[in-house]
Amino acid sequence: MTTTPLHDWNLSPKDAIALQKRLAGRVEREDRLAEVRHLAGVDIGFEQDGEITRAAVVVLAWPPEIGGEFSVVERVVHREPTRMPYIPGLLSFREVPAALAAFERLNVRPDLVMVDGQGIAHPRRLGVASHLGLWLDLPTIGVAKSRLCGRHAEPGAERGEWTALVDGADDEVIAAVLRSRPRVKPIFVSTGHRVSLPTALEWVTACLWRTKLPEPTRLADRLASRRGGEGDQTP
DNA sequence: GCGACAG
DNA sequence: ATCTTGTCGC
């Protein structure tokens, strides 16, 4: 029998694009969440001039402690040789394999995942957050620091204010351009998989502390770039 | 043909 | 993404 693979990391750009178009149809944009007890953040960093890909996953307990501090339940870092260069629109083929390897080493299966990158706010509606969510069959939210496609008005100056990111001739709403911090460049929040945009916005704003990025993504970012936190967890 | 372009 | 010093602010 024939099974459409969720990914084949050795596809030519042309075939990768065709695969994205097919997979986009499987993405669920409505809520289908279980009770959330564990929130995860994922990000990918690089070492040695990009030769090594470093995937980081941080799992946090929900809800946070009184005062807003999140307790870290688990941290995983997975390193492997980089398999392909960065090509706008094909980011998932570069980053998802490493992210999946990191998830395999997780002891806790998170209920919701925030990914550094776009969800459906992508030319073919299959950004890295959607692709990863589809593969893991977990609810995911895309949290990007900049725009890949679409048009939008500048959101208001107050924290929490947002405008719609629209794309296509039909002005399809594909993300929320959110002012996560006053005076700071807004972030792009979009549906990854199994989460609606309103719900995605609620979760992201609930995880904002005094920073531009929500805690899950911020901590994964630091771990992937080996700034704060610790280093590798390899025995 | 000319820009735009997640990380 | 990554390379990097000082600097402004809580």
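So you know, we letter chains A, B, ... as the sequences are listed, proteins then strands, and number each from 1.
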Got [X] and [Y] here, is their nearest side-chain heavy-atom distance under 4.5 Å?
X: Arg151(A); Y: Asp167(A); answer: yes
X: Trp62(A); Y: Cys207(A); answer: yes
X: Trp162(A); Y: Thr205(A); answer: no
X: Phe46(A); Y: Arg94(A); answer: yes

Sole candidate of Val42(A), Leu90(A), Leu91(A) that passes side chain to side chain contact (heavy atoms under 4.5 Å, CB included) when paired with Val128(A) |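 Only match with Val128(A) under side chain to side chain contact (heavy atoms under 4.5 Å, CB included): Leu91(A).
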side-chain hydrogen bond (donor to acceptor under 3.5 Å, both in side chains) partners of Arg194(A), counting only residues at least two apart =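 Arg194(A) satisfies side-chain hydrogen bond (donor to acceptor under 3.5 Å, both in side chains) with Asp137(A) once adjacent residues are dropped.
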Please produce a list of atom pairs where a protein N or O lies less than 3.5 Å from an N or O of nucleotides 6-10 of chain C.
none

Can you tell me how far P of dA1(C) sits from CE of Met84(A), to the nearest Å?
->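 Interatomic distance, CE of Met84(A) to P of dA1(C): 17 Å.
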Are any of the side-chain nitrogens in Arg179(A) or Glu154(A) under 4.0 Å away from the carboxylate oxygens of its partner?
->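 Yes, this pair counts.
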Apart from Leu197(A) itself, residues in the same hydrophobic cluster as defined by side-chain heavy atoms under 4.5 Å |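 Via sub-4.5 Å side-chain contacts, Leu197(A) links to Val166(A), Val173(A).
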Hey, are Ser196(A) and Asp31(A) close enough side-chain-wise for a donor-acceptor pair under 3.5 Å?
->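 Result is yes, a qualifying pair exists.
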Expected string for nucleotides 1-7 of chain B under the B/S/- scheme (protein heavy atoms, under 4.0 Å, primed atoms plus P, OP1, OP2 as sugar-phosphate) is ---SBBB
Mind checking whether Phe103(A) and His78(A) have ring centres under 6.0 Å apart?
->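 No; His78(A) has its ring centre 6.0 Å or more from that of Phe103(A).
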Is the number of heavy atoms from other residues, nucleotides or ligands within 6.0 Å of CZ (Arg37(A)) greater than 12?
->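 Check fails, neighbour count at 12 or below.
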Pairs under 3.5 Å (Watson-Crick or G-U), crossing ones as [ ], inter-strand ones as |: DNA chain B comes out as .......
At what distance, to the nearest 0.5 angstrom, does CZ of Arg226(A) lie from CZ of Arg54(A)?
->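 Answer for the CZ-CZ pair, Arg226(A) versus Arg54(A), is 6.0 Å.
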Where DNA chain C forms stems, i.e. three or more consecutive Watson-Crick or G-U pairs with both distances under 3.5 Å =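 Consecutive-pair runs (3 or more) involving DNA chain C: none.
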